[in-house]
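Structure record follows, encoded as structure tokens.
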Amino acid sequence: MKKLLTLLLLCLLFGNTALQATTTLESYRFSDKQDEQRFKSLVSQLRCLVCQNESLADSDAELAHDLRQEVYEMMLAGKTNKQVTDFLVQRYGDFVLYNPPMKPSTWLIWFGPFVVLVIAVLLLFRSLRRQRAVTQQAISDEERKRLQQALQQSTGKDAQS
Amino acid sequence: MTRYLRYLVPLLLFGLLAALLLRGLSLDPKLVPSPLIGKPMPAFSLSRLEDPSRTLSDSDLRGKVSILNVWATWCVSCRAEHEVLLQLARTGKVNLFGLDYKDERSSAQRWLSRLGNPYSANGFDEDGRVGINWGVYGTPETFIMDRKGIIRHKHIGPLTPEVVDKEILPLIASLEAESK
């Protein structure tokens, strides 16, 4: 009986928190299902500036709540995604965007990894070519004779010991 | 020469990476630079905290070098900053305005009468809309505007006597010296 009661309590506890987490976004009503999807994807691409590793969709911070409301109202007013993100970027900077925009100051972020990849491939080819060059080099007859002598000498010594 | 190069190049690259990471250590990710710096201050019109029948708007801040300090009674570091603001006001060199952000009017009024009021006037931003227009994401924040109403500096976090002496007052002096 006691076990059953604790189980029931646990269910209530966790069921409740799970419900709360999902209701934050559900409380924004849209007449159009498509708009609702657009809202959800938009707020999950925007960063909350208070708790910086959370999106506006996930964050429970006061500011995130206000900004969600702002985005919601702008959408109801018929603003496009670009207009909404521009509004926030003008006030909070590119930092609100999880995807950094393409511009000279972010080129390093966007192209840096590919530049490193190209350099690595070039280095790989160079060292491969060099290896092949070394293996293809044949030894001369003179060298072969000395090699055989050396081998015979060492095997002879082995036999003696 | 080429023999040294194969040791020198990786060493140099490592040095560059280390310098980059070292720089990152001394940066605070909580300080997000404001895109509003160098731009005209956002327009606003709010009822005054002290007297709801009067308004405070951006035009009240224009025509002189001004400071707008964003604060609230629920903000703990604002309490620590308040003493510094009082001292700053006492110098008589600044036009200090306040933006009471997402607060209760009665508790904010009580705060000022109990701790002292360093501000020439306060705008009462109950729903935080003006705060959003100014890119406020945490209190306290302090903006400094030149005569033309261009935002020239933003300090995030509480002002300390050191910040006031080394950053705020010198900047204000140089902005005052700019052509009228």
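What you are looking at is a predicted structure, and each value in this text was computed from that prediction instead of being measured. A, B, ... follow the sequence lines: proteins, then strands. Residue 1 opens every chain.
- Only the side chain of Lys102(B) comes within contact range of chain A, with at least one heavy atom under 4.5 Å from a heavy atom of that chain.
- The contact between Pro29(B) and chain A is made by backbone and side chain atoms together, counting heavy-atom distances below 4.5 Å.
- Val96(A) does not touch chain B: none of its heavy atoms, backbone or side chain, sits under 4.5 Å away.
- Note that the OH atom of Tyr137(B) and the CG atom of Leu67(A) stand 13.0 Å from one another [nearest 0.5 Å].
- What you find for Gln52(A) and Lys30(B) is that their closest heavy atoms are NE2-CA, 3.5 Å.
- If you measure heavy-atom distances from Gln90(A) to chain B, the contacts under 4.5 Å come from the backbone alone.
- Contact count versus chain A (heavy atoms, under 4.5 Å) is highest, among Leu36(B), Ile132(B), Asp127(B), Val32(B), for Ile132(B).
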Under the side-chain contact (heavy atoms from CB on, under 4.5 Å) criterion, do Phe87(A) and Asn133(B) qualify, and how do the steps go? CA-CA 9 Å; Phe87(A) 174 89; Asn133(B) 278 335; 4.1 Å; yes
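- Residues Leu86(B) and Leu96(B) do not share a hydrophobic cluster, clusters being chains of Ile/Leu/Val/Met/Phe/Trp/Tyr side chains in contact below 4.5 Å.
- Within a 6.0 Å radius of NE2 in His65(A), no more than 12 heavy atoms belonging to other residues, nucleotides or ligands are found.
- The two atoms that bring Pro35(B) and Gly93(A) nearest to each other are CG-N, 3.2 Å, heavy atoms only.
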Given side-chain contact (heavy atoms from CB on, under 4.5 Å), test Val136(B) with Arg91(A) step by step and report yes or no. CA-CA 8 Å; Val136(B) 171; Arg91(A) 283 153 184 79; over 6 Å; no
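- Looking at Phe95(A), only its side chain comes within 4.5 Å of chain B, counting heavy atoms on both sides.
- Contact between Gly131(B) and Tyr92(A) at its shortest, heavy atoms only, is O-OH, 4.2 Å.
- Met41(B) and Ile150(B) fall into different hydrophobic clusters, where Ile, Leu, Val, Met, Phe, Trp and Tyr side chains are chained together by heavy-atom contacts under 4.5 Å.
- Residue contact with chain B, scored on non-hydrogen atoms closer than 4.5 Å, involves the backbone and the side chain of Leu49(A) alike.
- With respect to chain B, the highest number of heavy-atom pairs below 4.5 Å among Val50(A), Leu63(A), Asp66(A) belongs to Asp66(A).
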